[in-house]
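Here's the structure, in structure tokens; my notes come after.
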Protein chains: 4
Amino acid sequence: MSDVGHNSGSIVAERLWSIVCRIERLEDEKKALSADIKEIYQEAKSGGFDCKTIRALIRERKQDPADVEEQETLLDTYRRALGPYADTPLGAAAMERVAAHA
Amino acid sequence: MSDVGHNSGSIVAERLWSIVCRIERLEDEKKALSADIKEIYQEAKSGGFDCKTIRALIRERKQDPADVEEQETLLDTYRRALGPYADTPLGAAAMERVAAHA
Amino acid sequence: MSDVGHNSGSIVAERLWSIVCRIERLEDEKKALSADIKEIYQEAKSGGFDCKTIRALIRERKQDPADVEEQETLLDTYRRALGPYADTPLGAAAMERVAAHA
Amino acid sequence: MSDVGHNSGSIVAERLWSIVCRIERLEDEKKALSADIKEIYQEAKSGGFDCKTIRALIRERKQDPADVEEQETLLDTYRRALGPYADTPLGAAAMERVAAHA
DNA sequence: ACTGAAGGCTGCCCGC
DNA sequence: GCGGGCAGCCTTCAGT
């Protein structure tokens, strides 16, 4: 073990400290932001808005700008297949793919 | 500490053991069920189905038989208000309630 | 409904928009911070640290040392109480009773 | 596309239904077990036990004791390294491994 | 004060 | 082997 090695513990400790410190700092900032958000919800509530609905709205907006439709289409196929269960109106064609796989 | 107290520890310990044991047993059963479910998903996958979509389908069916509509109505009001943001097509009337509250 | 009332919908909508907008902004910032934290953990991992342990360390530092000790003490009490049951034949027999009952 | 193919949609639909149905059944059973567990925790609480501690106990029992000890040891190493931060009393040696990795 | 829900964190499993 | 996605657990917070 070299002299450098002898001191490397300190160096490593310092790096560990740096890591922990930075993470804790960032987590504090996150916590502060959460508090701010909470405050806004309270303000909304005071203004007569329904917070639960606002949460739903924001949740929706978060996933809207995505490819929801593609997933929705496939889900619809499955839904139709399940609906009357033994019935396959126009989902049959789409289901052929699955049958072909078998 | 009386003799009764001396023995009560055992009694309490037995009760604690009973509690822990029963919980662990139930958790094992839960785990077994999870394994079964997983197996079915694999079977589905082998059959050419899309597991993610099946999950979505099941999730939907779980919350469908509820009062989704009531919540949806209010959400729609808020959604319309936000749409063009400053616009209040027919959500204005619904929004009066909020205004009155202010 | 007055003229003021006629416009109040817009005003309310604007307030709603303000609320939603600010919340989404704050949530974006939170998300960014989460990404930063994740990055630091990756750096830690690259440096040969065990991330799981670092997480444990940070979790521990977040709590009051007194609480930690108290919790640990109680856990030890329960652990000791359970020990004789789980590890002895007598305990095993008692275990059967409960198992049969379940 | 054969006649069989013509009907395969129904067949596939039936298989899908089977999958969904079985999964939902199993999930219901899981839910029931969760309710049972919750009930036991309530019973524990009524009996004067601390549920949080019981949960910790069960969590601990789920793991290999060796792993628990190893994790605790590593945590201690990190803790000592961080304590006076720049100080590495006897954690230095343990930290060498990390240094070697860098 | 307690219960029920919402969000965040953790461990697991799959695909790359 | 690793990073992402997903389900479960824990914690916190609003509501009662």
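The sequence lines fix the lettering, A, B, ..., with proteins before strands; numbering per chain opens at 1.
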Measure from CD1 on A:Ile58 to C1' on E:dA6 and round the result to the nearest Å.
-> 13 Å
When the distance from NZ of A:Lys52 to C1' of F:dC13 is rounded to whole Å, what number comes out?
-> 15 Å
Determine the contact category for B:Lys30: base if any of its heavy atoms lies under 4.0 Å from a base atom, sugar-phosphate if only primed atoms, P, OP1 or OP2 are that close, otherwise nothing.
-> sugar-phosphate
Any D:Arg55 side-chain N or O less than 4.0 Å from OP1/OP2 of F:dC10 | yes
Between E:dC9 atom P and A:Ile23 atom CD1, what is the distance in whole Å?
-> 12 Å
Send over the distance from C:Asp50 CG to E:dT10 C1', rounded to a whole Å.
-> 14 Å
For the pair B:Glu24 and B:Lys31, find out whether any cationic side-chain nitrogen is under 4.0 Å from an anionic carboxylate oxygen.
-> no
Rounded distance in Å - CD1 (A:Ile54) to P (F:dC13) = 19 Å
In whole angstrom, give the distance that lies between atom OH of D:Tyr41 and atom C1' of F:dC10.
-> 11 Å
Correct closest heavy-atom pair for A:Ile23 and C:Ile37 would be CG2-CG2, 4.2 Å
B:Asp36 atom CG is separated from F:dA7 atom P, nearest whole Å, by 17 Å
Roughly, in whole Å, what's the span from CD in C:Glu27 to C1' in E:dA6?
-> 12 Å
State whether the number of non-hydrogen atoms from other residues, nucleotides or ligands found under 6.0 Å of A:Glu60 atom CD is greater than 12.
-> yes
What nucleic acid atoms does C:Arg59 come within less than 4.0 Å of, heavy atoms only: base, sugar-phosphate, or nothing?
-> sugar-phosphate
Hey, does the side chain of A:Lys45 come within less than 4.0 Å of F:dA14's phosphate (OP1/OP2), counting only N and O?
-> no
Gap separating the CG atom of D:Leu26 from the CG atom of B:Asp36, nearest 0.5 angstrom | 5.5 Å
D:Lys62 or C:Lys38: which one's nearest nucleotide on DNA chain F is closer to the 5' end?
-> C:Lys38
